[in-house]
Every structure is written in structure tokens, then in C-alpha cells.
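Structure first, commentary second.
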Amino acid sequence: MNVVVLREKQPGEARVALMPDSVRKLVASRVAVHVETGAGLGAARTDRDYEEAGARISSDRAGLLGATDILAAVNRPSTVDLERIKSGAVVIGFLRPLDEPAALLPALQKNLTTFAVELIPRITRAQAMDALSSMATVVGYKAVLLGAARIPRMFPLLMTAAGTVPPARVLVLGAGVAGLQAIATARRLGAVVEAYDVRAAAGEQVLSLGGAFLKVDLGGIKTEDAGGYAIELSEEAMNRGRELIAEHARAADVVITAAQVPGKRAPLLLTEEAVRRMKRGSVVIDLSASTGGNCALSEPDKEIESGGVTILAPLNLAATIPVHSSQLYSRNLTAFLGLLIKDGELQIDMQDNVVGPSCITHQGQIVNERVAAMLTASVSQP
Ligand code: NAD
């Protein structure tokens, strides 16, 4: 059975789906791993490293696609690649099924079995496969470094002969995996950190990392679903949060926004007015730009300046730390592949409580109900 790793072609992408240490494990489990020339270079891994791990290297991308049983990818393959891939093959990666469901239609036509790592359930059994958490960890960390490098001051409290330098103030909106990592990183650099989230459990986690938690009285409304994810709130509830955020953003040197509601537009938390009231020289890093942004002024992958405040909305921060993001992702994928490959053979068990929920297309059908409903809705729209 052939597992294939291609060079990721998306602009700015430096990650690779499988690192050599994962390739070694797969080869030991009687799987042939084929890697496109230069696939690992962005993550500082050469063709030689892959060969030493037991992979076969090829520069024939079309040939590799035609011989693929499982394509291990970071990003969703292009339409051209999806058309070239062997009919009936398996594709695993960040396929963005809830953001761009129609982009998976070519996979359906090619009878591909597609797995979106975004939909791997966050259950204990699948913890080692949790690619969303892996990437969010890298992104939260890097966001703080970006902010620290951009503000015109230092992060830690310093007592010097020339006087005391007060610590920087960091406000984190959305204390999920990325937000919590941002809090931890900002604290390590010595900043004073405040954070806001609508989930009650987030409050304890913020406190345990040494941050202060901003509490809003939302009138006892439901803020999370059974799975522990935040749900979309009413405008009235959102406004209560926005007022408190604006008040605290005024004093912040860096505001990092990482609030998301799965499958929905990101909640708008930092309004234009709130940015207008922020200090000159302060920086906003909006980590939710791919789903619409948490800051009213952010523009995906652009740098905006407004009244002395810089707003960054990077789309792929994980790719800026390619070695570790590839390493974590590669281990996530290898753990997931362990569910699909038995004795060197592909065995897809759709009843498995990790395999089934993460599958989008299988045997010519859209098997994910949410994606199917979104596609039906888009087709029936005039
Ligand atoms: P996410 O990226 O979907 O959202 C990020 C954060 O935004 C969340 O904390 C969410 O509560 C917050 N948010 C949403 N709407 C908001 C609003 N209007 N105002 C303020 N904040 C808002 O979340 P994630 O980082 O992927 O993780 C979310 C949940 O999943 C958490 O409960 C996390 O602990 C849990 N989780 C569990 C596991 C596991 O058990 N294996 C692994 C990872 C994450």
C-alpha cells in the first residue's frame, strides 16, 4: 500500500504532512511511503532524510498521485491534484469541509475517501490525533512573539538603575487552545495577562496560567454545547462582552484574539470604536481571520494601521514554525493512520468513533451530514 506525501503548494506553506520519524514508523508497519522531491525542505528535512527513513523519493507528482492509496496532506489538495489522484484513494488533511464544502466535490467525483482532521472528535481516544490542538498551540505561541516584536516596549517588569520598566499588558480574547498557549507564552515573557471567554471552564484555565479572567454577566444564558464548544450568542449578550473588552483593550499593549465558534463566522469582539480607544503603538493580532475575524478592522493576511494601532491578521502562523508544526502534525496523522491501516492493508471501519465522524466522502457519497446539508443549501440557493 502506498502512502504519498507531496510538496505542499499553497503560497507561504512550509509544513510537510509526514516527517522522517513518522515515515520510519510507517515503513516498519509494512507501508510503502513515497515522498515528492523537496517536500520536507520547508521543515528542514531533505530528500536524503526521507530516504534514510525508508521513503522512496520521486519528482513525478502526477505519477505519485496516480499510484496513491493514501495521500497524507497538510492542506486540501488543489482541484488539479484531486483530479489526478487514483480513483478510490484516501485523502487526509485540513480539508476545510465546513468553510468550503463545495471544494470537495471533485473528491466525490473521483470516489475518494476524504478525512478532515478538523473533524477528528476531541475524545480521549483521539487525543494523539488532535491536529487542531497541535496547530493552535503553535499559533498561540507565535502570536505572542509577533506582538512582542511589534510593540515599542519590552514585555517584562525590569528594575534597573535607570528606573523601573513596567510590564507589558496583554489581553487575550478566546481562551481555547490557541488563547491558552498565548496566555502561557505572554506570562513566560513577563507580561500582565487578562483574558476573556464565554465558557466557564476557560476561566479556571486562565487563572491556572497566571492570567486574570474577565467575567461578564451574560444573564445565565447557555454559552456552550454538549461537546464543550462555545455556541453563537445573541447580539445583546455579545454587546455585554464587547463593552468589557473595549474597556480592557484601552490599557493593553497587545490584544490577541482567538475566539471561534466551529462552523460559524468568528464572533466580532473588538469593535472599530474599541480599537479607536486603544493606545498608540499597541498591536492587535487577530487569529480568527480565516473565519471572518474577531476584530472589526482586520483584513486577512494584511497589516492595517488605524490611529497608531497596528492590526495583524495572519492566516497561517503555524507555517511560520514549520519544524515543530510539521512534527506535531505528522505524529497526529500517523496516529490516525494507525486506525486505517491494519497489517499493512487499508481497512476503513466507518463504525469506528474516530474514523466515521472525521470522514467527509466515502464510496461516492457525502457521509458527513453537516457538510451534506451545507452543500444542499448552497445548491438550492438561486
Ligand atoms: P475554538 O478554536 O473553537 O474556539 C476558541 C475559543 O473561543 C473557545 O475557548 C471558545 O469558548 C471561545 N469563544 C467562542 N465564542 C466566543 C465569544 N463570543 N466570546 C469569547 N470567546 C468565545 O476552540 P478550541 O481551542 O479548538 O477548543 C475549544 C474547546 O475544546 C475547549 O473546551 C477545549 O478545552 C476543548 N478541547 C478538548 C480537547 C480534548 O478533550 N481532547 C482537546 C482540545 C480542545
Side-chain angles (χ1 to χ4, degrees), residues 94 96 98-99 116-141 143 171-184 194-209 211 213-219 221-246 248-249 255-271 274 285-296 315 317-318 328-329 332 335-336 353-354 357-358 370:
F94 281 98
R96 301 176 56 96
L98 300 176
D99 306 323
V117 293
E118 298 95 321
L119 298 188
I120 292 176
R122 256 109 170 239
I123 56 176
T124 309
R125 179 171 171 250
Q127 252 172 12
M129 306 163 204
D130 188 349
L132 275 183
S133 288
S134 296
M135 296 307 108
T137 300
V138 176
V139 167
Y141 164 82
L171 173 63
V172 176
L173 307 178
V177 181
L180 290 172
Q181 188 55 238
I183 295 166
E194 293 179 319
Y196 170 73
D197 199 297
V198 288
R199 287 180 304 111
E204 287 163 34
Q205 290 164 335
V206 170
L207 294 180
S208 75
L209 291 171
F213 189 62
L214 306 182
K215 274 207 185 106
V216 183
D217 179 9
L218 295 173
I221 58 162
K222 189 174 170 236
T223 57
E224 54 194 273
D225 64 17
Y229 278 103
I231 55 174
E232 236 177 356
L233 304 186
S234 67
E235 265 310 287
E236 197 227 317
M238 289 289 291
N239 279 336
R240 292 197 199 184
R242 284 175 189 137
E243 275 165 38
L244 184 79
I245 288 164
H248 286 261
V255 178
I256 293 173
T257 73
Q260 301 263 10
V261 178
K264 305 271 182 202
R265 191 209 179 280
L268 181 59
L269 298 176
L270 197 63
T271 61
I285 318 267
D286 189 341
L287 299 178
S288 301
S290 67
T291 50
N294 298 133
C295 171
L315 285 178
L317 267 191
L328 296 173
Y329 183 62
N332 295 144
F336 186 77
N353 66 354
V354 177
S358 48
R370 250 174 112 187

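As the structure lists them, so they are numbered: ligands from 1, and atoms in each ligand from 1.
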message = Distance check, rounded to the nearest 0.5 Å: Ile183 atom CD1 versus Leu171 atom CG?
response = 9.5 Å

ask   = Does Ala175 come within less than 4.0 Å of ligand 1, judged by its heavy atoms?
value = yes

Interatomic distance, Tyr229 atom OH to Lys264 atom NZ [nearest 0.5 angstrom] = 15.0 Å

query = Taking the non-hydrogen atoms of Glu232, is any one of them nearer than 4.0 angstrom to ligand 1?
reply = no

request  = Could you tell me if any non-hydrogen atom of Ala258 lies under 4.0 Å from any atom of ligand 1?
outcome  = yes

inquiry  = With a cutoff of 4.0 Å, is Leu173 in contact with ligand 1, counting heavy atoms of the residue only?
reply    = no

remark   = the protein heavy atom lying closest to atom 26 (O) of ligand 1 turns out to be Arg122 NH1, 2.8 Å

query = Does Arg370 reach the side chain of Leu98, with side-chain heavy atoms less than 4.5 Å apart?
reply = yes

key: ring-ring contact (aromatic ring centres under 6.0 Å, His included) between Tyr329 and Phe94, worked out   = CA-CA 10 Å; Tyr329 183 62; Phe94 281 98; 5.3 Å; yes

message = If we set the cut-off at 4.0 Å for heavy atoms, which region of Pro267 has an atom near ligand 1: side chain, backbone, both, or neither?
response = side chain

query = Does Gly179 come within less than 4.0 Å of ligand 1, judged by its heavy atoms?
reply = no

task = Note the single closest protein heavy atom to atom 32 (O) of ligand 1, along with its residue, its atom name and the distance in Å.
result = Arg199 NH1, 2.7 Å

ask   = What's the shortest distance from atom 20 (C) of ligand 1 to any protein heavy atom, and which residue and atom give it?
value = Tyr196 CE2, 3.5 Å

message = Geometry only, no angles: is Leu233 polar-contacting ligand 1 at N/O separations under 3.5 Å?
response = no

query = Which one of Ser133, Pro262, Ala136 has a non-hydrogen atom at the shortest distance from atom 43 (C) of ligand 1?
reply = Ser133

query = Is there a protein heavy atom less than 4.0 Å away from atom 35 (C) of ligand 1?
reply = no

inquiry  = Please classify the Asp130 to ligand 1 contact at 4.0 Å (heavy-atom distances, strictly less than): side chain, backbone, both or neither.
reply    = side chain

ask   = At a 4.0 Å cut-off, with the gap strictly under it, does some heavy atom of Leu269 reach an atom of ligand 1?
value = yes

query = Is any side-chain heavy atom of Asn353 less than 4.5 Å from a side-chain heavy atom of Ile123?
reply = yes

Met238 neighbourhood, listing ligand 1 atoms whose heavy-atom distance to it stays under 4.0 Å = 18 (N)

query = Hey, is ligand 1 close enough to Tyr229 that some N/O pair sits below 3.5 Å?
reply = no

query = How about Arg122 and Ser133: does a side-chain donor come under 3.5 Å of a side-chain acceptor?
reply = yes

request  = Can you pull out the closest protein heavy atom to atom 22 (C) of ligand 1? Residue, atom name and distance to 0.1 Å, please.
outcome  = Ala259 CB, 3.6 Å

task = Select the closest option to atom 2 (O) of ligand 1 among Glu224, Gln127, Gln260, Met135, judged by heavy-atom distance.
result = Gln260

remark   = Under 4.0 Å from one or more heavy atoms of Ala230, ligand 1 contributes atoms 10 (C), 11 (O), 13 (N), 14 (C), 15 (N)

inquiry  = For the CG atom of Asn294 and the OG1 atom of Thr257, what is their distance to the nearest 0.5 Å?
reply    = 4.0 Å

inquiry  = With rounding to the nearest 0.5 angstrom, report the OG to CG distance, Ser288 to Leu173.
reply    = 9.5 Å

message = With a 6.0 Å cut-off (strictly less than), is the heavy-atom count around OH of Tyr141, excluding the residue itself, greater than 12?
response = no

Close side-chain approach of Pro262 and Glu118, heavy atoms under 4.5 Å = no

key: Salt bridge present between Arg199 and Glu204 (N-O < 4.0 angstrom)   = no

note = Among non-hydrogen protein atoms, atom 25 (O) of ligand 1 lies closest to Val177 N, 2.7 Å

task = Could you list which atoms of ligand 1 come closer than 4.0 Å to a heavy atom of Val261?
result = 14 (C), 15 (N)

query = Between CE of Met238 and CG of Leu269, what distance do you get to the nearest 0.5 Å?
reply = 5.0 Å

query = Nearest protein heavy-atom contact for atom 12 (C) of ligand 1: which residue, which atom, what distance?
reply = Asp197 OD2, 3.3 Å

ask   = Given side chains that start at C-beta, do those of Val354 and Met129 come closer than 4.5 Å, heavy atoms only?
value = yes

